[in-house]
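Below is one structure, written out as structure tokens; comments come after it.
Here is how names work: the chains are called A, B, and so on, in the same order as the sequence lines, proteins then strands, and each is numbered from 1. Reckoned from all heavy atoms, side chains included, excluding hydrogens, waters and symmetry mates. Just so it is clear, the structure is predicted and the values come from calculations on it, not from any experiment.
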There are 2 protein chains.
Amino acid sequence: MKEKNTEAKILEAAKAVFIEKGKDGAKMQAIADKAKINKALLHYYFRSKDKLFNVVIEETMFHFLPKVEETFLSDDNFFDKIRKVVSDYISLLSENPFIPAFMLHEINRNPDGLFNVMMKSGIRIDLIFTTIQKELQNNTINIVSPQHFFINLLSLCIFPIAARPLMQRAMFFNDQKAYDDFIEERKTQTAEFILKAIKVS
Amino acid sequence: MKEKNTEAKILEAAKAVFIEKGKDGAKMQAIADKAKINKALLHYYFRSKDKLFNVVIEETMFHFLPKVEETFLSDDNFFDKIRKVVSDYISLLSENPFIPAFMLHEINRNPDGLFNVMMKSGIRIDLIFTTIQKELQNNTINIVSPQHFFINLLSLCIFPIAARPLMQRAMFFNDQKAYDDFIEERKTQTAEFILKAIKVS
DNA sequence: GTCTATATCGGGATAGAC
DNA sequence: GTCTATCCCGATATAGAC
């Protein structure tokens with residue numbers, strides 16, 4: 001049993017509710033219920049819904065953004081790095097299935113705010129591009145540009161989780177396990193798909 | 001000047017506001033303002049926000065869903081079909097940039113409702129899979145399954161538009177034209193990426 | 001059909017007791 | 001720090017005049 005301090009309980013509940021419902025759809029009452037405390041306590045700890053939401057956004061970005069970068073900047077050979085980053089990222093997202101659609105919604109709802117948080121996280125997307133550019137110059141891969149390559153990789157990892165509720169119904173008769181298996185396959189197959197597309201021929 | 005009937009004006013305004021703000025973020029007042037009519041008229045024509053939103057969802061799905069199917073079921077050779085479907089779909093989405101994130105949000109907010117609407121649209125995703133399966137059996141392509149292939153294609157078309165506001169800032173210093181050009185390149189490059197990945201080697 | 005005015009309600013925020 | 005009770009505003013919805 002975790003009788004943690006109230007602030008942590010609130011934050012945990014707020015993350016769950018905001019990420020599932022979006023900022024506008026989330027109700028302070030629902031957060032209070034989930035945290036098993038009173039609504040007034042939310043305001044005691046975080047002043048306002050806006051402030052609470054901002055904390056959630058920051059923690060969420062700080063949690064999910066750096067994962068890609070750290071794998072990309074490791075010392076493995078490039079192809080193994082792709083295999084690892086794809087597998088790790090799909091794993092991370094499938095354990096947090098509401099994150100992708102939540103973030104995409106937020107990206108469109110408040111792009112400047114989100115970009116500012118991203119900057120504060122210290123992620124260096126330019127370093128990722130440099131790494132890719134180096135491979136390109138060594139002629140080990142055949143791609144149009146680091147930007148195209150990078151967004152292709154993100155697309156293939158993120159979209160299948162973001163669209164899961166519809167895809168599971170449309171492609172697998174809403175069979176939960178079938179889609180779980182599908183995602184499991186993608187942890188390896190996605191990287192192979194990418195590698196085949198970028199190998200020099 | 002289009003002095004169309006009021007119902008059409010409302011629907012047009014409602015589409016714009018709902019798709020940009022999401023169901024929860026949209027305000028009836030904003031819709032009325034955009035339609036240049038009074039708030040009460042919204043209820044006169046559509047009874048409630050829920051009802052109005054449902055109409056918007058249906059019209060939106062009926063507009064965007066069939067495009068993929070019709071290209072896929074044409075008589076072109078498979079590789080040309082991919083080139084065409086990718087180019088057409090990216091074009092359609094980039095002209096309606098809020099649609100992808102809106103739909104992904106809605107997919108997670110109300111999956112059953114959305115799936116029911118999708119069923120009503122009469123789209124036959126199974127026919128698409130059959131088409132792909134046939135190519136697979138003819139050994140003209142090398143893929144894991146029609147499902148993986150199809151979701152890969154959707155991912156590569158949809159995600160770069162859905163995540164545009166952040167990607168434009170992170171990758172192109174928020175240069176609007178640079179990202180427009182990027183999307184323009186993707187209309188051809190995405191198909192070539194896919195084709196290289198699936199061609200038998 | 002279209003408007004103004006108003007009723008009603010839900011939800012964010014605060015006051016104040018303990 | 002935590003609660004109950006309440007305030008207050010914004011947003012949906014309705015009434016009723018024209």
Side-chain angles (χ1 to χ4, degrees), chain A residues 1-60 98 102 105-106 108-110 113-114 117, chain B residues 1-60 98 102 105-106 108-110 113-114 117:
Chain A
M1 188 52 196
K2 44 29 181 338
E3 201 37 84
K4 350 181 191 184
N5 64 69
T6 308
E7 185 169 341
K9 269 177 16 187
I10 292 177
L11 211 43
E12 190 183 350
K15 269 186 204 167
V17 174
F18 275 129
I19 288 169
E20 182 175 347
K21 306 284 189 182
K23 188 193 175 191
D24 297 315
K27 310 279 175 263
M28 295 296 266
Q29 185 63 58
I31 296 172
D33 290 348
K34 178 160 277 239
K36 297 212 196 78
I37 50 103
N38 190 279
K39 214 173 39 162
L41 263 192
L42 298 181
H43 292 90
Y44 175 79
Y45 278 94
F46 293 93
R47 294 291 303 170
S48 72
K49 185 181 180 181
D50 270 3
K51 294 240 173 51
L52 177 54
F53 183 73
N54 288 339
V55 176
V56 168
I57 279 285
E58 293 208 358
E59 295 218 347
T60 302
F98 287 111
F102 167 72
H105 180 59
E106 191 60 18
N108 284 267
R109 200 190 64 81
N110 181 20
L114 206 66
V117 175
Chain B
M1 190 51 195
K2 48 18 180 345
E3 199 39 83
K4 351 182 193 184
N5 64 67
T6 308
E7 185 169 341
K9 268 176 18 186
I10 292 176
L11 211 44
E12 189 183 352
K15 269 187 203 165
V17 174
F18 274 129
I19 288 169
E20 180 174 349
K21 305 284 188 182
K23 187 194 175 190
D24 297 314
K27 309 282 175 262
M28 295 295 265
Q29 185 63 58
I31 296 172
D33 291 348
K34 177 159 280 234
K36 297 210 196 79
I37 49 103
N38 189 280
K39 219 174 29 164
L41 264 192
L42 298 181
H43 293 90
Y44 175 79
Y45 278 95
F46 293 93
R47 294 287 303 169
S48 73
K49 184 181 179 181
D50 269 2
K51 295 243 174 50
L52 177 55
F53 182 73
N54 288 339
V55 176
V56 168
I57 279 285
E58 293 209 359
E59 295 219 348
T60 302
F98 287 111
F102 168 72
H105 180 58
E106 191 59 18
N108 283 267
R109 200 189 64 81
N110 180 19
L114 207 64
V117 175

Take the protein atom [atom1] of [X] and the nucleotide atom [atom2] of [N], then report the distance between them rounded to whole Å.
X	N	atom1	atom2	answer
A/I37	D/dT4	CD1	P	11 Å
A/I10	D/dC3	CD1	C1'	13 Å
A/K51	C/dG12	NZ	P	15 Å
A/N38	C/dG11	CG	P	16 Å
B/K27	D/dA13	NZ	C1'	15 Å
A/K36	D/dG1	NZ	P	21 Å
B/K9	C/dG1	NZ	P	13 Å
A/K49	C/dT14	NZ	P	15 Å

- Item | Parallel, tilted or perpendicular: rings of A/H105 and B/H105 (30°, 60°) |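 Aromatic pair B/H105/A/H105 classed parallel.
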
- Task: Tell me what A/A32 touches on the nucleic acid: a base, only sugar-phosphate, or nothing, going by heavy atoms under 4.0 Å.
- Result: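 Since no nucleic acid heavy atom lies under 4.0 Å of A/A32, the category is nothing.
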
- Task: Give B/A30 one of three labels, base, sugar-phosphate or nothing, depending on what nucleic acid heavy atoms sit under 4.0 Å from its own.
- Result: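 Nothing: the residue B/A30, judged by heavy atoms under 4.0 Å, touches no strand.
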
Among [options], which is the nearest nucleotide to the side chain of [X]?
X	options	result
B/L41	D/dT12, C/dG1, C/dG12	C/dG1
B/K39	D/dT12, C/dT2, C/dA13	D/dT12
B/A40	C/dC3, C/dA13, D/dA13	C/dC3
B/S48	D/dA13, D/dT4, C/dA13	D/dA13

- Residues B/D50 and B/K23 bridged, charged N to O under 4.0 Å: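 Yes, B/D50 and B/K23 are salt-bridged.
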
- May I ask you to say whether B/R109 pairs ionically with B/E106, meaning some side-chain N is under 4.0 Å from a carboxylate O?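 Yes.
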
Please state whether the phosphate of [N], meaning OP1 or OP2, lies under 4.0 angstrom from any side-chain nitrogen or oxygen of [X].
X	N	result
A/H43	C/dA13	yes
A/Y44	C/dA13	no
A/T6	D/dT2	yes

- Message: When you measure from the side chain of A/K21 to the backbone of A/I19, do you find a donor-acceptor pair of N or O atoms at a distance under 3.5 Å?
- Response: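 No.
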
- Task: Could you check if a side-chain atom of A/Y45 sits within less than 4.5 angstrom of a side-chain atom of A/K9, using non-hydrogen atoms only?
- Result: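 Heavy-atom side-chain distance check fails, nothing below 4.5 Å.
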
